[in-house]
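We count ligands from 1, going down the list as the structure has it; atoms in each ligand are counted the same way. In what follows, every heavy atom counts, from backbone to side chain, and hydrogens, waters and symmetry copies are set aside.
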Amino acid sequence: MRTETAPTIRLKDYTPPAYLVDSVHLTFALHPTATRVTARLAMRVNPAAAPGQDLALDGEAMELISAAIDGVKVSPNVTKTGLVLPAAELPGDSFEWVCETEISPETNTALEGLYMSKGMYCTQCEAEGFRKITYFPDRPDVMSVYTVRIEGEQPVLLSNGNPTASGPGWAEWHDPHPKPSYLFALVAGDLVSHNDSFTTRSGRDVALKIFVRPGDEGRCAYAMDALKRSMKWDEDVYRLEYDLDLFMIVAVDDFNMGAMENKGLNIFNSKYVLASPETATDLDYELIEGIIAHEYFHNWTGNRITCRDWFQLCLKEGLTVYRDQQFSADQRSAPVQRIGNVAALRARQFREDAGPLAHPVRPEEYIEINNFYTATVYEKGAEVIGMLHSLIGDEAYHRGMDRYFEVHDNQALTIEDWIANFEAVTNRDLSQFARWYAQAGTPRVTVEEAWDGATLKLTFRQSTPPTPGQPEKSPLVLPLAIGVLWPDGSEAMETRLLEISEAEQTVELELNDRPVNVTGAPIPSINRGFSAPIILEQTVGTERHAFLLAHDTDPFNRWESGRAYLRDMLVRMVQDADLAPDAALLDGLLAVLDDTALDPAFKALALGFPSIDDIFLDLRKTGARPDPQVISDARTRLDRALAAHVPGLADRLGQLAVPGPYTPDAAAAGKRALSGRLLGLVSRLEPDAATARATFAAADNMTQSMQALEILIREGQAKDALASFHQRWQGNAGVIDKWFSAQARATPAKQAVEAVRALTAHPDFDYKTPNRFRALIGGFAAGNVTGFHRADGEGYRLLADWVVTLDPINPQTAARMAGLFESWRQYDEPRQALMLAQLQRIADLPGLSKDTGEIVSRILDAPAA
Ligand code: B3K
Ligand code: ZN
């Protein structure tokens, strides 16, 4: 396995760069298989580095044609990963390095560096793609001013910054802002643009352009609107303005992730730009809004202030996710957004934190940095910023952010710098808080309540289980938002933020007077709004859940209580196949549905069931390793019981119809989310799925088409619908992705592997396009839990087959897919053995990439759970 030879990079080994690059001049002569790149770098010795070092530049997958220093030809020692020129051959402390390299974008299937997507040239340089374009100190703490000339026959030739000159077959660009190489971008193709403009609050006119392939220009309006709202929001909330005369977004079909924040030239996966009511779901619109904002916000948090090294990735990613979550909360319903973010955090980050791939928000070592663009770095990184914000308060948070942008502009920072910045504005010792960056694993918290008729005492105990490489854990600072209710539902204490920092800590709460005629102990509502990303291990009983589902004034905890009840119920229904659901739970859910004060989007979330994975983990705590199919069957029984318990389902569904043409706003989307949930319930009671069929036939938007299509697939009644859907959308890549993914996710386990295998032979399945690969193979392995964990192990074999096939083509995406085996130790012994066999098969593959090699060896090395 190649990982044995790939070096481990460690945070503690950081040394400053030996040479700095003040300016970079690049000339590209584009050619699909023989692009020539000439790089002219103004270099100088870094005064902060050890003197007398050799000149070492990173470089991979290219041919060095020539190199010269100050005009004199040199012959460096070239290896597979870079080149070295002995210090003795350098003319002095500053010099000009010029080199010419040749690269082949067309055969670059890894989609890192300069590559081609459907005839168009584009780049992806983060994290270490620039070294596949030219030799360079390819690390984020080397920041330079770039000037770029592109020669090519494509009508549109783009790079970062502002256009300076152009003529037939060439264009020149200059970016005045110093930036690390990972933010370099180039695009060349036959593109059209959707144009608009924005005037900043200080009066700068910014031209906005979204470039797409001809024919797609009618599907850019929503992304453009989201961009303008993001620009305005960052001015209003963080006082941050855009700093160039032009902001461009380019949509490309072949992309390893969502989007990339290259300075002034964001490159996006077309899935997160293009939208129309007929082709995009409500979720697509929401993601477009969030990702456009995220990449735009990086202009300050990431680009103007960047990371010293890749261990500090959360400095820009956690903060930028936090900012995009704040934006979405302001644009839409804040509680609904919070519930969605927490559900995603639990599904992906808690799962990661509990398994072999667990790592701190700031990791300490890696083999392949692309493997660390994780839910922990991004989403837990955002939670850490949210906790800091709550602990120090809004005013100090913004004072700290203002200082951060003033003091650190154009710098490459560490997490220590970030913490020190907030210590400077608050005069507070944040060293214990900083453990959140260093310690992996999700803290467990128990609460003991003591009520003596006058005071309520809460005793909190926290502990964090061991994670790979970290057997011992220390207590963390937990900001816990707490409220208290009297048994009649009235408020005994408004929300208060408690700071828990000890392993065991008791807090005494002062309560409002108890209303007359009310008896019984007050009821605490703990971790409101999910103020700390912990697992609250409460054994309070279903009555407490039912009470808070009905009365909690905090919408998050209201949802959370319903969820806790549902989890408890489903666990019992798995343990006893004949058990009928509690009437109190069904009544509680019905009350939510009937509550006219509640937002339909909230109702849809409250009526949605916990996932199979959630129930699986609850059952693991009892020592069981259940078959996921048994959990799925219990969910179906509960769904049927709920459907039978709600009177007038069909009428309720009818009342949710949104009149008029489709709009993607949160209110309309919330109604569609609830109507999708009710359609699911109605279909449980209909043997022929008549309502889903009718909905599919009548739908004038993609949200409702997909809701109905998935139900039809689940019910085995989708043959005609799938054929007509494919016929209608043939040629629209984004929609055909949905067609693949719906079948991968919703086909019942018994037929799922066979169905997915058959789809891999479909002429539209192109495994080299990451979106298509993720739709089908990822849709199955991550979205079809019962199919993937089928007892015969064919689901595991299917995933491994495709990891093995994709790895030589696109290691980054293959490694991500291999990560879906991360929970293998949690399952029963036969399943563990089957997964182990597939993991070993991947590990033994000759020539395995370091990306996949690292993931698989971390998964295999983890101790038994
Ligand atoms: N910064 C990029 C992610 C780059 C991933 C490299 N493997 C997108 C983002 O987080 O905004
Ligand atoms: Zn980001």
Side-chain angles (χ1 to χ4, degrees), residues 9 108 110-113 115 122-132 138-140 160 179-185 223 226-227 230 234 249-252 254-269 271-273 287-307 309-328 341 344 348-349 361 363 366-382 385 412 770 774 810-817 819 849-852 854-855:
I9 316 293
N108 179 358
L111 314 184
E112 205 190 33
Y115 66 95
C122 60
T123 52
Q124 172 55 38
C125 291
E126 187 177 0
E128 298 180 333
F130 193 71
R131 64 186 62 187
K132 295 181 167 181
D138 189 16
R139 42 187 292 167
N160 316 83
K179 64 170 177 287
S181 50
Y182 82 85
L183 290 173
F184 167 78
L227 173 62
S230 308
D234 218 13
I249 290 174
V250 182
V252 303
D254 299 270
F255 209 62
N256 273 335
M257 62 252 171
M260 177 65 212
E261 69 264 25
N262 316 298
K263 183 78 186 190
L265 179 55
N266 286 188
I267 297 182
F268 268 64
N269 187 327
K271 178 177 161 65
Y272 299 116
V273 176
L287 290 170
I288 289 170
E289 179 180 81
I291 296 175
I292 291 270
H294 179 96
E295 305 310 332
Y296 174 73
F297 296 158
H298 266 314
N299 189 56
W300 279 94
T301 50
N303 301 4
R304 289 287 287 253
I305 303 180
T306 194
C307 305
D309 54 70
W310 291 119
F311 295 103
Q312 322 296 331
L313 185 57
C314 64
L315 177 87
K316 74 178 178 81
E317 295 304 347
L319 177 56
T320 306
V321 171
Y322 182 64
R323 277 154 46 70
D324 85 54
Q325 290 179 349
Q326 286 183 301
F327 168 77
S328 294
N341 292 338
R348 304 199 301 121
Q349 199 280 323
V361 171
Y366 61 77
I367 291 174
E368 170 52 61
I369 186 56
N370 282 326
N371 286 334
F372 284 83
Y373 287 75
T374 58
T376 298
V377 169
Y378 276 64
E379 274 79 29
K380 187 174 178 183
I385 312 278
R774 282 187 289 252
N810 185 336
Q812 207 179 123
T813 296
R816 218 154 250 267
M817 290 291 151
S849 69
K850 67 171 175 172
D851 308 58
T852 306
E854 180 182 26
I855 294 289

Exercise for the section: Identify the two heavy atoms, one from P140 and one from P180, that lie closest to each other, and give their separation to 0.1 Å. Expected result: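 Reported closest heavy-atom pair: O-CB, 3.4 Å.
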Practice task
Check the pair N303 / K179 against side chain to side chain donor-acceptor pair (under 3.5 Å), numbers first and verdict last.
Solution key: CA-CA 7 Å; N303 301 4; K179 64 170 177 287; over 6 Å; no
Give a yes or no answer on whether the side chain of [X] reaches the backbone of [Y] with a donor-acceptor pair at less than 3.5 Å.
X: Q124; Y: G113; answer: no
X: E854; Y: I367; answer: yes
X: R323; Y: H294; answer: no

Exercise for the section: Would you check if the Zn ion (ligand 2) lies under 2.8 Å from any N, O or S atom of E261? Expected result: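 No, since none of the N, O or S atoms of E261 sits under 2.8 Å from the Zn ion (ligand 2).
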Exercise for the section: Please name the atom of H298, restricted to N, O or S, that is closest to the Zn ion (ligand 2). Expected result: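 Among the N, O or S atoms of H298, the one closest to the Zn ion (ligand 2) is NE2.
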Exercise for the section: Please work out the angle at the Zn ion (ligand 2) defined by atom NE2 of H294 on one side and atom OE1 of E317 on the other, rounded to 10°. Expected result: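 Approximately 110° at the metal, rounded to tens of degrees.
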Exercise for the section: For residues F311 and F372, establish whether the separation of their ring centroids is below 6.0 Å. Expected result: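 They do not qualify: ring centres at least 6.0 Å apart.
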Problem - Contact partition for K316 relative to ligand 1, non-hydrogen atoms under 4.0 Å - result: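 For K316, the contact with ligand 1 is made by the side chain alone.
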Suppose I only count heavy atoms of [X] and a 4.0 Å limit; which atoms of ligand 1 are within that range?
X: Q812; answer: 7 (N)
X: N370; answer: 6 (C), 7 (N)
X: M260; answer: 1 (N), 2 (C)
X: H298; answer: 9 (C), 10 (O), 11 (O)
X: E261; answer: 1 (N), 2 (C), 8 (C), 9 (C), 11 (O)

Problem - Whether over 12 other heavy atoms sit under 6.0 Å from R816 CZ - result: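 No - once you tally the heavy atoms of other residues, nucleotides and ligands closer than 6.0 Å, there are 12 at most.
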Exercise for the section: List the closest protein heavy-atom neighbour of atom 1 (N) of ligand 1: residue, atom name, distance to the nearest 0.1 Å. Expected result: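 For atom 1 (N) of ligand 1, the nearest protein heavy atom is E126 OE1, 2.6 Å.
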Practice task
Identify the protein heavy atom lying closest to atom 8 (C) of ligand 1, giving its residue, its atom name and the separation to 0.1 Å.
Solution key: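 Answer, as residue, atom name and distance: A259 O, 2.9 Å.
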Handout entry: Nitrogen or oxygen atoms of Y373 and ligand 1 under 3.5 Å apart
Key =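 Looking only at distances, the answer is no, because the N/O contact criterion of under 3.5 Å is not met.
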Handout entry: Y378 N/O to ligand 1 N/O under 3.5 Å
Key =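 Checking ligand 1 against Y378, an N or O pair does fall under 3.5 Å apart.
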Practice task
Verify whether one side chain among Q812 and N371 offers a donor that lies under 3.5 Å from an acceptor in the other.
Solution key: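 No donor-acceptor contact under 3.5 Å links the two side chains.
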Problem - K316 with E126: basic N within carboxylate O range, under 4.0 Å - result: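 Yes, this pair counts.
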